Amino acid sequence: MWLRRALFHWLLPAALVLPLWLVVGWAVSGASGWVFLWVLFIAVPSVLIGQLVATLLVRARGTVRHSRELSWWDVLVFGVWHVLVIAVGLYPEGAFWPLLLAATAGFLAVFWVSLWQLFREARPVSLFTVPVDPAFLRGAAADRRDRAAAEDVYVVEEAPRRER
């Protein structure tokens, strides 16, 4: 799906674009100098490090590395979090603090959903939970018997080393 693949490729650039948006949004909105200090020392490092950690957690999953696209859970939580970060970067007068709290909750959702999916994929799979075609097992056993009968076996016995 094009959306899941596009968001996969967006994750690394987002680590730079979203913090940069917070600085540009501060300049455009005309917020105070104290807000600039908050942006510079708290918001930008938090979004940068948070996005990098979340990206690494997502890219650590084998299914994401193989298919190069995110899951629908990832699309949901990353989409909501990024929209909230962009909204915080507008610095709206009456809605700044609720948006900031929502963006923080959005990051926590991204982090926990990413960890949940990573651990779910990393857990060992039981033979009883994986559907296996019995014909495949019979064919594999027959191939092994044929291969064992066709292979030549050489036994090499070494004489013990003589001491001088």
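Quick caveat, the model's predicted, so the values are computed rather than measured.
Other residues, nucleotides and ligands place no more than 12 heavy atoms under 6.0 Å from the CH2 atom of W112. At most 12 non-hydrogen atoms from other residues, nucleotides or ligands lie less than 6.0 angstrom from CH2 of W73.
To the nearest 0.5 Å, atoms CG (L57) and CG (L11) are separated by 11.0 Å. Once rounded to the nearest 0.5 Å, the distance linking OG1 of T63 with CG of L70 reads 9.5 Å. The CZ atom of F119 sits 12.5 Å away from atom CZ of R61, with the distance rounded to the nearest 0.5 Å. Here the CD-CG distance, from Q117 to D74, works out to 4.5 Å after rounding to the nearest 0.5 Å. Once rounded to the nearest 0.5 Å, the distance linking CZ of F8 with OG of S71 reads 12.5 Å. Between the CH2 atom in W26 and the CG atom in L90 there is a gap of 15.5 Å [rounded to 0.5 Å].
In summary, of the residues considered (V53, L52, V47), a side-chain contact (heavy atoms from CB on, under 4.5 Å) with I49 occurs for V53 alone.
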Checklist entry - Do V88 and F96 pass the side chain to side chain contact (heavy atoms under 4.5 Å, CB included) test, and can you show the C-alpha distance, the side-chain angles, and the key distance before you say yes or no? => result CA-CA 6 Å; V88 166; F96 176 75; 3.7 Å; yes
Checklist entry - Can you check side chain to side chain contact (heavy atoms under 4.5 Å, CB included) on L48 and L18, steps first, answer last? => result CA-CA 8 Å; L48 175 73; L18 290 176; over 6 Å; no
Next on the checklist: Walk me through whether W72 and L3 qualify under side chain to side chain contact (heavy atoms under 4.5 Å, CB included).
Outcome noted: CA-CA 10 Å; W72 285 112; L3 178 63; 4.0 Å; yes
Checklist entry - Does the side chain to side chain contact (heavy atoms under 4.5 Å, CB included) test come out yes or no for L84 and V80, once each step is laid out? => result CA-CA 6 Å; L84 287 170; V80 168; 3.9 Å; yes
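Judged by distance alone, with hydrogens and angles left aside, the side-chain atoms of W81 form no donor-acceptor pair with the main-chain N or O of G106 at under 3.5 Å.
W38 and Y91 have perpendicular rings, their planes meeting at more than 60° on a 0 to 90° scale where under 30° would count as parallel.
Judged by the 6.0 Å and 45° rule, R4 forms no cation-pi pair with W2.
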